[in-house]
> 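Below is a structure I'd like to ask you about.
In what follows, chains are A, B, ... by sequence order, proteins preceding strands, each numbered from 1. All values derive from a computational prediction rather than experimental measurement.
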Amino acid sequence: MEQDVSDGRHGGRVITRFPPEPNGYLHIGHAKSICLNFGLPRDLADKVPAGVAVRCHLRFDDTNPIKEEQEYIDSIKEDVRWLGFDWGEHEYHASDYFDQLYEWALVLIRAGKAYVDDQDGETIRLTRGTLTSPGEASPYRQRSVEENLDLFERMRKGEFPDGSRVLRTKIDMASPNLNMRDPVIYRILHARHPRTGDKWCIYPMYDWAHGQSDWIEGVTHSICTLEFEAHRPLYDWFIEQLQAEGVQPPAAADRPRQYEFARLNLSHTIMSKRKLLELVRGGHVRGWDDPRMPTLCGLRRRGYTPEAIRNFCDTIGVTKYNAVTEVSLLEHCLRDDLNRRAPRVMGVLNPLKVVIENYPDGEVEHFDAVNNPEDPAAGTRKVPFSRVLYIEREDFMEDPPRKYFRLYPGNEVRLRYAYLVTATKVVKDEAGHITEIHCRYDPDSRGGNAPDGRKVKGTIHWVSAAHAIDAEVRLYDHLFKCADPDDVPEDGSFLDNLNPESLKVSHGCKVEPSLADAGPGHICQFERLGYFCIDPDTTPENLVVNRTCTLRDTWARIAGRKQGG
RNA sequence: UGGCCCGUAGUUCAAUUGGCAGAACGCCUGACUCUGGAUCAGGAGGUUCCAGGUUCGAGCCCUGGCGGGCCAGCCA
């Protein structure tokens with residue numbers, strides 16, 4: 001689509017825009033649009049002669065002051081930057097064009113192509129007709145230019161209450177495209193605008209503001225989602241009418257074209273701003289940045305990286321087919337990126353005490369541990385080892401099934417980077433719960449190498465009890481328990497599909513001391529467990545860690561398969 | 001029941017614009033490994049929604065169906 005354009009149209013210029021309405025937080029669906037709009041010109045930059053404009057604007061579609069807030073504007077800018085995109089000087093607001101839009105509305109009125117309608121919203125709706133029947137003309141449709149000019153001026157001055165009058169364009173009440181049945185382009189809203197304050201009490205509708213904003217900015221490719229397809233004839237109509245009246249935008253740009261693509265749908269989550277808001281308001285999540293939310297700030301807190309999200313957006317492609325992408329693809333992109341960058345550490349989520357019987361009490365050794373096998377430049381670190389350790393409770397079984405090659409009585413495993421140990425004794429409390437394991441270590445296996453070359457199947461992670469840092473770990477799962485949360489019976493709600501186990505908090509987890517210096521946002525891999533990041537809730541007394549995602553776990557699949565029969 | 005858009009592997013997308021239907025993810029098998037991770041190799045998986053037509057040749061063009069989406073805000 002865009003290749004055709006780079007060979008000729010618009011003089012080679014490619015100017016796109018990302019046009020959020022500042023009425024909520026950006027989510028992964030917006031990321032698709034951001035990557036598309038910013039990515040297109042970025043990728044074309046070196047294929048175009050010097051001096052030819054190739055860029056993406058950030059434009060806030062702030063035409064409805066009732067729903068929009070500065071808070072959202074700030075968060076949107078932060079999120080777009082975080083994703084790795086830069087709009088340079090090209091930050092705009094539809095509200096920047098309110099004066100121009102007003103002037104152009106006058107042009108339409110003078111040309112007899114717009115009129116003030118005194119009917120109320122209900123009446124306008126009723127007379128618009130239906131999908132199969134034409135609408136009826138408003139009794140005010142034939143007002144004189146002078147009367148329209150006068151009324152519109154008085155609308156602007158604030159002489160009329162909200163909802164009493166609107167400015168409509170005169171197109172075709174019988175059009176099969178409902179958007180062409182004399183759409184409203186101005187409504188009266190006595191509301192304070194975050195940017196223009198009380199200057200206006202009439203505000204342009206989306207259709208009137210969007211295309212003309214594109215035109216003013218010299219946008220060449222106005223890329224939006226599928227539901228605006230039916231608006232394209234209107235988009236074109238406005239510009240054609242203005243051109244017919246001899247209007248040119250200040251920049252004298254040729255007219256922009258609108259293109260549509262399918263918005264992102266992700267399984268196991270929802271993307272609707274309204275429903276997201278419902279989750280927040282209803283206390284089903286802790287806020288917009290809850291790590292289970294598909295919002296960009298939620299994903300960021302969860303430990304997602306901009307690279308992972310961008311790669312995901314590249315992978316899913318762009319079509320007009322209304323598709324549902326599996327979350328597993330997003331998670332694959334996440335792991336792919338984290339695998340390359342996340343430093344490895346050892347952490348024990350569900351600690352089980354291990355005493356090395358034949359290891360001297362009070363002695364401490366430090367072993368070299370590789371920070372990232374995928375990145376030699378990441379170097380190594382020292383990990384302390386002593387007589388009393390913690391291992392993962394799941395890494396010991398008193399009575400193991402076949403093909404279980406972790407610790408069990410009599411079996412030898414490797415404590416990663418440290419020693420080979422063999423379980424000798426199981427200690428239990430009165431209730432029969434295992435409270436600790438005793439092992440013997442092979443002093444000749446220092447560093448984890450079998451002196452005689454004997455094969456040791458299992459390698460498990462551990463943390464020295466005396467040196468461990470306590471941590472609270474938050475384990476996340478999909479927010480919804482089924483692929484399509486909106487798939488509910490007639491009287492049901494998407495809330496019925498919330499996954500009750502989407503958050504599990506583990507207290508008393510033990511992590512290696514190297515994590516002491518890491519601050520909020522720090523990402524790492526707990527070996528064999530998954531990727532984790534430090535949550536902003538962390539205090540000097542309480543380390544809080546989010547599990548970003550698990551590692552791919554073949555054993556869990558095998559075990560699950562057996563259980564499931 | 002009007003108009004517009006879309007139908008290719010379980011999923012997301014390709015197919016040099018009419019020339020042997022492919023990739024990635026997922027799934028399965030194997031190799032390797034001091035992460036049961038990663039990596040590597042292999043495998044299964046298709047009536048290209050259906051039916052006609054044009055053509056030497058159709059996923060692609062034409063006609064008609066079927067299925068899905070969007071549109072009746074003074075939201076965007």
> In whole angstrom, give me the gap between the C1' atoms of B:U33 and B:A41.
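It comes out at 15 Å once rounded to the nearest Å.
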> Classify the nucleic acid contact of A:Glu229 as base, sugar-phosphate or nothing, counting any heavy atom under 4.0 Å across all strands shown.
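It contacts sugar-phosphate atoms only.
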> Which whole number of Å gives the distance between the P atom of B:A58 and that of B:G18?
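Going atom to atom, P in each nucleotide, I get 13 Å.
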> Under 4.0 Å, counting only non-hydrogen atoms across every strand here, what does A:Phe228 touch: a base, just sugar-phosphate, or nothing?
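Base, at least one base atom sits under 4.0 Å.
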> What is the nucleic acid contact for A:Val324, judged by heavy atoms within less than 4.0 Å: base, sugar-phosphate only, or nothing?
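Sugar-phosphate only.
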> Whole angstroms only, please: what is the CZ-P distance between A:Arg416 and B:G37?
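Atom-to-atom, A:Arg416 to B:G37, this comes out as 13 Å.
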> By the 4.0 Å heavy-atom rule, please label A:Asn177 as base, sugar-phosphate, or nothing.
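Touches nothing.
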> Compare side-chain N and O positions of A:Arg528 against OP1 and OP2 of B:G36 and report whether any pair is under 4.0 Å apart.
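Yes, because at least one side-chain N or O of A:Arg528 sits under 4.0 Å from OP1 or OP2 of B:G36.
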> Please figure out whether A:Tyr531 or A:His231 has its closest RNA chain B nucleotide nearer the 5' end.
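Taking each residue's closest nucleotide, the earlier one in sequence belongs to A:Tyr531.
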> Can you check whether any acceptor in the base of B:U35 is under 3.5 Å from a donor in the side chain of A:Gln525, or vice versa?
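In this structure, the two groups form a donor-acceptor pair.
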> What's A:Asn23 touching, base or sugar-phosphate or nothing? Going by heavy atoms closer than 4.0 Å.
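The residue A:Asn23 makes no contact with any strand.
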> Categorize A:Val166 for me: base, sugar-phosphate, or nothing, with a 4.0 angstrom heavy-atom threshold over every strand shown.
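Base: the residue A:Val166, judged by heavy atoms under 4.0 Å, touches a nucleobase.
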> Can you check the distance between B:C20 and B:G26, where both ends of the measurement are the P atom (answer in whole Å)?
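Each nucleotide's P atom is 29 Å from the other's.
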> Answer with base, sugar-phosphate or nothing: what part of the nucleic acid does A:Arg406 contact at a heavy-atom distance below 4.0 Å?
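The answer is base, as A:Arg406 lies within the cut-off (heavy atoms under 4.0 Å) of a base atom.
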> Determine the contact category for A:Tyr419: base if any of its heavy atoms lies under 4.0 Å from a base atom, sugar-phosphate if only primed atoms, P, OP1 or OP2 are that close, otherwise nothing.
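Nothing: the residue A:Tyr419, judged by heavy atoms under 4.0 Å, touches no strand.
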> Would you indicate what A:Glu21 reaches in the nucleic acid, counting non-hydrogen atoms under 4.0 angstrom: base, sugar-phosphate, or nothing?
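Touches sugar-phosphate only.
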> What contact category does A:Arg414 fall into here, base, sugar-phosphate, or nothing, at under 4.0 angstrom with non-hydrogen atoms?
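If one applies the 4.0 Å heavy-atom cut-off, A:Arg414 turns out to touch a base.
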> Counting any heavy atom closer than 4.0 Å, what does A:Ser175 reach on the DNA or RNA strands: base, sugar-phosphate only, or nothing?
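Nothing: the residue A:Ser175, judged by heavy atoms under 4.0 Å, touches no strand.
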> Can you tell me the distance, in whole Å, between the CH2 atom of A:Trp208 and the P atom of B:C75?
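In whole Å, B:C75 P lies 17 Å from A:Trp208 CH2.
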> Which whole-number value in Å describes the distance from A:Leu338 CG to B:U35 C1'?
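Spelled out: CG on A:Leu338 to C1' on B:U35 is 15 Å.
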> May I have the distance from A:Ile124 (atom CD1) to B:A72 (atom C1'), rounded to whole angstrom?
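It works out to 13 Å between those atoms.
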> What does A:Arg128 touch in the nucleic acid at a heavy-atom separation under 4.0 angstrom: a base, only the sugar-phosphate, or nothing?
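Contact class for A:Arg128: sugar-phosphate only.
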> Mind checking if A:His210 touches a base, just sugar-phosphate, or nothing, with heavy atoms under 4.0 Å?
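Nothing, no nucleic acid heavy atom in range.
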> Would you mind telling me which of B:G36, B:U35, B:G2 lies closest to the side-chain atoms of A:Leu178?
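Nearest to the side-chain atoms of A:Leu178, counting from C-beta on, is B:G2.
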> Just compare B:U12, B:U11, B:C74 and give me whichever is closest to any side-chain atom of A:Val184.
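Ranking B:U12, B:U11, B:C74 by closest atom to the A:Val184 side chain puts B:C74 first.
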> What's the closest nucleotide to the A:Leu329 side chain, out of B:C25, B:C71, B:C5?
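Among B:C25, B:C71, B:C5, the one nearest the side chain of A:Leu329 is B:C25.
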> May I ask you to decide whether A:Arg340 forms a salt bridge with A:Glu307, counting only side-chain N to carboxylate O separations under 4.0 Å?
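Salt bridge flag = no for A:Glu307 with A:Arg340.
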> By nearest atom, which of the nucleotides B:A76, B:U35, B:C6 is closest to the A:Leu551 side chain?
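Closest nucleotide among those given: B:U35.
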> Which part of the nucleic acid does A:Pro134 contact within heavy-atom distance under 4.0 Å: base, sugar-phosphate only, or nothing?
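It contacts nothing in the nucleic acid.
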> Measure CZ/A:Phe526 against P/B:U35 and give the value in whole Å, please.
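For the pair A:Phe526 CZ and B:U35 P, the rounded distance is 19 Å.
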> If the C1' atom of B:A9 is compared with that of B:C5, how far apart are they to the nearest Å?
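It comes out at 24 Å once rounded to the nearest Å.
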> Output the rounded distance in Å from CG (A:Asp484) to C1' (B:G10).
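From A:Asp484 CG to B:G10 C1': 16 Å.
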> Nearest to the side chain of A:Asn339, which nucleotide is it out of B:A38, B:C71, B:C25?
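Closest of the options to the side chain of A:Asn339: B:A38.
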> Looking only at atom P, what distance separates B:U11 and B:G52, rounded to whole Å?
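Per the computed distance, 26 Å lies between those P atoms.
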> Where the side chain of A:Arg187 is defined as all heavy atoms beyond and including C-beta, which of B:U35, B:C74, B:C71 is the nearest nucleotide?
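Closest nucleotide among those given: B:C74.
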